[in-house]
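Below is one structure; the comments refer to it alone.
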Amino acid sequence: MPELPEVETTRRGIEPHVLHRRVQGLTLRRADLRWPFPETLQQLVGERITAVERRAKYLLLHTRRGAALLHLGMSGSLRIVDTALPPRLHDHVDIVLDDGRALRFNDPRRFGALLWQAAGEVHPLLQALGPEPLGPGFSGEHLFALSRGKRSTVKVFLMDQAVVVGVGNIYAAESLFRAGIDPRREAGRVSRVRYGGLADAVRDILAHAITRGGTTLRDFLNPQGEPGYFEQELQVYGREGLPCRVCGTTLRHVTLGQRATVWCPRCQR
DNA sequence: CATCGGACCTGTTAGC
DNA sequence: TGCTAACAGGTCCGAT
């Protein structure tokens with residue numbers, strides 16, 4: 001479900017409700033999601049949440065002793081609920097707060113994660129990540145430098161979280177369309193100038209999608225239960241066989257890196 | 001090393 | 001209407 005804009009929308013949605021609250025308890029209705037919940041996660045209980053951070057597609061609930069590290073996987077979502085509200089199917093975890101409410105983690109496919117990062121440490125999962133696309137470390141020059149000699153396609157390259165974080169299947173397709181680059185093109189054979197355009201496209205599209213509350217295709221809702229509105233602005237994702245909104249050419253489909261890819265054969269070269 | 005494919009799961013939808 | 005197969009927003013890990 002969530003790429004960077006949806007995770008950031010989730011972060012903004014929960015922050016006012018969990019920041020400065022004390023964690024009163026942890027309800028684990030199963031032993032694992034993608035990985036087992038670690039024993040160390042119990043350190044969260046009794047601590048006050050001092051910051052709610054997003055890094056890549058991870059969320060971190062910081063406390064004095066460390067941080068709860070969450071990933072929503074493909075189908076995860078967070079809601080703020082009254083503790084008395086009975087859990088629904090796939091409501092696997094409650095982080096119970098000191099105001100009678102809880103942060104409730106639902107994840108049907110269970111590709112998500114809930115782990116613990118000790119204070120002063122960086123969790124191994126966060127160590128090999130590339131720069132934030134909306135931060136200062138991301139640029140066309142960065143993409144150009146990392147792509148030299150790369151034989152994989154530019155779309156697979158752009159979705160590599162070691163290159164730049166947060167860009168998943170939707171926003172990779174949309175960014176390449178905006179930049180006019182054929183997603184099948186070899187990453188090492190895209191020019192410096194065109195990577196400049198691609199970096200601009202990634203930044204603009206992600207920032208704009210955040211203002212729209214993310215993309216809701218089937219089930220993404222923010223913590224208040226509202227959908228995102230960027231879906232209405234998608235140019236290529238999910239539009240295989242439909243006319244390009246710019247030139248009218250029928251959009252084509254190809255599978256790259258085992259992911260559905262749609263592009264305009266006229267606008268993207 | 002870089003690259004590729006499989007694996008992890010359930011729910012929804014397209015197709016017969 | 002019912003059954004089955006394909007596909008879905010992610011990403012780790014092992015094989016090549």
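Computed over heavy atoms, backbone and side chain alike; hydrogens, waters and symmetry mates excluded. These numbers come from a predicted model, not from an experiment. Per chain, numbering begins at 1; letters A, B, ... match sequence-line order.
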Heavy atoms under 4.0 Å, any strand shown: does R110(A) hit a base, just sugar-phosphate, or nothing? sugar-phosphate
Check every strand shown and say whether R151(A) touches a base, only sugar-phosphate, or nothing at a heavy-atom separation below 4.0 Å. sugar-phosphate
Distance between the C1' atoms of dG11(B) and dC12(C), in whole angstroms? 23 Å
Once you apply the 3.5 Å cut-off to both distances, tell me the Watson-Crick or G-U wobble partner of dA14(B), or none. dT4(C)
Verify stack between F220(A) ring and dG9(C) base, 5.5 Å, 30 degrees: no
Name the nucleic acid region contacted by L89(A), choosing base, sugar-phosphate or nothing; use a 4.0 angstrom heavy-atom cut-off, strictly under. sugar-phosphate
Heavy-atom count around R148(A) CZ within 6.0 Å, excluding the residue itself: above 12? yes
Are Y58(A) and H71(A) near enough that their ring centres are under 6.0 Å apart? yes
Centroid under 5.5 Å and tilt under 30°, F111(A) to dC8(B): yes
Residues R192(A), E141(A): salt bridge by 4.0 Å N-O rule: yes
Within less than 4.0 Å of OP1 or OP2 of dC9(B), is there a side-chain N or O belonging to H90(A)? no
Is the backbone of P183(A) close enough, under 3.5 Å, to the side chain of Q268(A) for a donor and an acceptor to pair up by distance? no
Just to be sure I understand the rule, does Y58(A) reach a base, reach only the sugar-phosphate, or reach nothing, if contact means heavy atoms closer than 4.0 Å? sugar-phosphate
Atom CG of L129(A) and atom C1' of dT11(C): how far apart are they, to the nearest Å? 11 Å
Distance between the P atoms of dG5(B) and dC7(C), in whole angstroms? 15 Å
Provide the distance between the two P atoms, one in dG6(B) and one in dA6(C), to the nearest whole Å. 14 Å
Measure CZ/R34(A) against P/dA7(B) and give the value in whole Å, please. 14 Å
How is Y237(A) classified with respect to the nucleic acid when contacts are heavy atoms under 4.0 Å: base, sugar-phosphate, or nothing? sugar-phosphate
Is there a donor-acceptor contact under 3.5 Å linking the side chains of R48(A) and H20(A)? no
Return the value, rounded to whole Å, for the distance between atom CZ of R148(A) and atom P of dA2(B). 15 Å
Nearest-angstrom distance from the residue atom CE of M159(A) to P of dT3(B): 15 Å
For dG10(C), does either OP1 or OP2 sit under 4.0 Å from a side-chain N or O belonging to R259(A)? yes
Any side-chain heavy atom of E15(A) sitting closer than 4.5 Å to one from R11(A)? yes
For dG9(C), give the paired nucleotide (Watson-Crick: N1-N3 plus N6-O4 or O6-N4; G-U: N1-O2 and O6-N3; both under 3.5 Å), or none. none
Grab the CZ-P distance between F157(A) and dT3(B) for me, whole Å please. 10 Å
Of T216(A) and L125(A), whose nearest nucleotide on DNA chain C comes first from the 5' end? T216(A)
At under 4.0 Å between heavy atoms, what does Q258(A) touch on the DNA or RNA strands: base, sugar-phosphate, or nothing? base
Taking only the C1' atom of each, what is the distance from dT11(C) to dT12(B) in whole angstrom? 22 Å
Figure out the CG/C1' separation between L4(A) and dG10(C), and round it to whole Å. 14 Å
Taking only side-chain N and O atoms of H71(A), does any of them lie within less than 4.0 angstrom of OP1 or OP2 on dG10(C)? no
Separation of atom OH in Y171(A) from atom C1' in dG10(C), rounded to whole Å: 15 Å
